[in-house]
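Notes to accompany the following structure.
By convention in this document, chain letters (A, B, ...) are assigned in the order of the sequence lines, proteins followed by strands, and residues within each chain are numbered from 1.
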Amino acid sequence: MSRILIVEDDDHIRSSLRLLFEADGHVVDEAPNGDVALEAARRMQPDVALVDVMLPTISGFETCAKLRELGDMPIVIVSARDDTADVITGLESGADDYVTKPFNPDELRARVRAHLRRRPQKHARPFMLGNLSVAPDEGTVRHADGSELHLTATEFRLLLELANTEGKVLSREDLLEKVWGYDYFGDTRLVDVHTRRLRMKIEPDPANPTYLLTVRGAGYKLVL
Amino acid sequence: MQRRSLRLRLILIFGLGALLLTVTLSSTIYVGVRQVLQSQQKDTDVRQAFDTASIIRSTLSTAPLALNQQVAAIEKDSGSTVVLLTNGQELGPTTSYPPYLLTSDLTTLVSKNAVVTQVKASQGTPWFVVGIPVPAVATQVYELFPLTQVSNSLRSLILLLIVASTFATLLGLAGGIFLSFRTVRPLRQVAEAAERILEGDLSARVSALGAGHEINQLSSTFNAMVQQLSDRLERDARFASDVTHELRSPLTGLAMAASMLEREKDVLSPAGQESLGIVVADLAIFRNLVEDLLEMARIDAGAADYTLEDVRAVTLLKRCITASTRRLASHEPPMTIADGLEGAVITVDRRRFERVVANLFDNAAKYASGVAQVTMSRDNNTFVIDIDDHGKGVAPDQREAIFERFYRGSAAHDRGSVKGTGIGLALVREHLSAIGGTVAVVDSPTVGARFRITLPIREESA
């Protein structure tokens with residue numbers, strides 16, 4: 001059983017989403033706008049949040065950014081818009097994934113399940129990334145002075161999947177499947193945006209990465 | 001040759017105009033000058049003839065023996081030929097002159113005491129003949145002046161006029177070229193801008209040309225028109241996007257509510273269950289229809305942004321076929337893949353390409369009992385996909401029409417439970433042409449239809 005926060009201004013969609021996830025045995029918190037959502041997130045500590053983009057008062061993108069400040073729970077944007085600009089803005093504002101309306105209910109449940117699932121990591125041994133020490137079993141990344149570098153759940157999983165291949169190249173499709181649980185037709189923009197965000201955190205100079213490298217036409221690889 | 005270019009026509013018109021004008025002017029000048037020169041020459045010659053006549057008279061009356069000497073002196077001075085006739089007999093020195101210059105009409109008139117002038121041509125040289133009667137000595141004095149000097153002047157004039165005409169004509173041609181450039185260049189600019197707009201570049205404008213009021217009006221009107229067009233397209237795109245949201249929201253609620261109801265199906269009566277089945281099935285059709293229409297609207301509004309990626313063609317196609325057959329709950333058709341295709345890379349929007357394959361498979365399932373065979377091959381740098389179905393084929397005259405929107409062919413009439421939106425194949429064509437590909441129904445070795453997709457191969461990957 002998990003706790004799911006649904007941020008959606010359309011009553012019908014919000015109710016049907018609640019029914020859908022309650023039927024799966026989850027506890028659902030509903031929020032018709034961003035303010036209520038932030039309040040609920042603070043009190044209830046949800047495991048995953050579904051956020052509509054078109055919201056009254058504060059926008060869905062802003063809601064995402066503020067939810068992200070509260071913790072590293074997976075955030076899935078649920079949007080009727082799927083233009084590149086919207087998708088990128090949503091992901092840049094801190095979302096982990098996005099689903100386009102009208103979605104197949106089973107598809108949405110699969111997405112949520114993928115985000116809730118904590119897969120056992122093959123690369124369970126701690127490893128060093130420059131001055132950073134990564135502890136997969138604890139789920140932490142620390143600087144040399146012991147202070148913690150904060151990664152979201154998705155960023156952490158992306159880092160571990162890349163570390164698992166031990167320097168081999170992973171294609172975008174591979175990463176989509178391993179990190180997000182998508183099949184071949186997932187959106188590779190997810191991978192690109194998250195890679196960029198991960199670089200901002202782990203690279204000394206994100207513009208000239210030395211650990212997380214892009215292999216043109218092939219994908220990404222992590223150099224330990 | 002029927003439609004010469006505007007430029008050529010302008011140049012020709014200017015050249016011919018200049019030629020016509022100068023020829024007319026030159027002729028007028030020539031005729032006028034000749035007249036003036038000739039009448040001046042005649043006046044001089046007539047005066048000279050009277051002088052000659054008076055000299056002859058005084059010579060004949062005072063010193064007839066000096067006649068020959070006098071005549072020779074006159075001829076030498078004036079370059080003329082002097083002929084004296086007394087009672088039809090030639091007097092004085094015999095000089096050679098074309099005898100027909102002195103016609104009998106002329107001599108008769110002069111012998112009747114009339115002064116006569118006449119222009120006569122002899123062997124291309126015009127002669128001016130002046131006949132003066134000198135009754136005091138019963139003699140007629142004829143002085144014959146060759147008009148060669150005038151001819152020479154006129155010949156120079158003709159030469160000068162030809163040179164001037166040629167120069168003026170060339171000037172006219174140059175003016176024509178210059179003007180045609182000035183006129184045609186703005187037109188060409190407008191044409192180029194229109195072409196760019198046709199290719200989808202709505203930022204194309206015609207710069208201020210400064211080539212006259214009409215052309216400037218054309219360019220500003222053109223620019224205003226393009227601005228309006230792009231505003232309109234932008235509005236349409238925004239509208240498509242807004243409508244997308246408005247349509248998708250209720251559909252989302254409906255789809256989820258229906259899926260919840262399906263889970264609770266068991267508690268419904270048989271009639272309720274059947275109704276629910278219809279709701280769910282029609283909802284799926286409706287959803288597809290809305291998505292297809294929205295996609296079409298986005299394409300029309302130029303708002304369909306394709307996410308292009310380089311992918312391996314064979315892998316992509318296999319995945320698409322798996323996805324399509326899984327959705328249709330059918331078996332995967334046999335696939336034939338030509339040697340050396342595994343490395344071929346194409347540039348596509350993966351999810352839209354998946355729709356392309358899905359639409360073709362749906363189409364085969366609806367109208368032709370499914371896909372029979374998929375063949376992948378290459379033709380130089382083109383990736384070729386042939387999808388054969390189990391149907392009865394498509395009549396040659398319908399092969400283009402089926403890619404039109406809302407096309408309803410003969411197959412649609414006997415289609416019981418077959419439900420289509422009528423734009424699936426139109427979208428297939430739109431998506432493929434957006435990535436440089438084509439789709440067509442081609443001749444098939446079997447009775448079924450063969451849909452052929454072609455896509456440019458970008459590169460080979462190892």
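Of the atoms belonging to Asn104(A), heavy atoms from both backbone and side chain fall under 4.5 Å from chain B. Neither the backbone nor the side chain of Ser15(A) comes within contact range of chain B; no heavy atoms are under 4.5 Å apart. Using a 4.5 Å cut-off between heavy atoms, Ala323(B) touches chain A through its side chain atoms alone. Proximity to chain A is absent for every atom of Leu254(B), based on heavy atoms less than 4.5 angstrom apart. Of the two parts of Val290(B), neither the backbone nor the side chain holds a non-hydrogen atom closer than 4.5 Å to a non-hydrogen atom of chain A. Looking at Arg14(A), there are no atoms closer than 4.5 Å to chain B (heavy atoms on both sides), in backbone or side chain.
Pairing each heavy atom of Pro102(A) with each of Leu251(B), the nearest pair is CB-CB, 4.1 Å. A pairwise comparison of heavy atoms in Ser16(A) and Ala257(B) identifies CB-N, 4.3 Å as the closest pair. Shown here for Arg263(B) and Asp24(A), the closest heavy-atom pair between the two residues is NH1-OD1, 3.4 Å. The two residues Ser249(B) and Asp10(A) have their closest heavy-atom pair at CB-OD2, 3.9 Å. Between Ser259(B) and Leu20(A), the closest heavy-atom pair is OG-CD1, 4.1 Å.
Met256(B) contributes atom CE, which lies 6.0 Å from atom CD1 of Ile13(A) (distance to the nearest 0.5 angstrom). Rounded to the nearest 0.5 Å, atoms CG (Leu247(B)) and NZ (Lys101(A)) are 12.5 Å apart.
Residues Arg248(B) and Thr100(A) have side chains in contact (heavy-atom distance under 4.5 Å, counting atoms from C-beta outward). Counting heavy atoms from C-beta on, the side chains of Glu173(A) and Arg350(B) come closer than 4.5 Å. Side-chain contact between Arg189(A) and Thr307(B): present, with at least one pair of heavy atoms (C-beta onward) separated by less than 4.5 Å.
Contact count versus chain B (heavy atoms, under 4.5 Å) is highest, among Asp11(A), Leu108(A), Asp52(A), Leu17(A), for Leu17(A). When each of Val78(A), Leu19(A), Thr188(A), Asp106(A) is scored by its heavy-atom pairs under 4.5 Å with chain B, the top score falls to Thr188(A).
Under a cut-off of 6.0 angstrom, the local environment of NZ in Lys201(A) is crowded, with over 12 non-hydrogen atoms contributed by other residues, nucleotides or ligands. Annotation: Arg327(B), atom CZ; neighbour count of heavy atoms from other residues, nucleotides and ligands within 6.0 Å is above 12. Atom CZ of Phe103(A) is surrounded by more than 12 heavy atoms from other residues, nucleotides or ligands within 6.0 Å. Residue-environment remark: CD (Glu22(A)) exceeds the threshold of 12 foreign heavy atoms within 6.0 Å. Residue-environment remark: CG (Asp205(A)) exceeds the threshold of 12 foreign heavy atoms within 6.0 Å.
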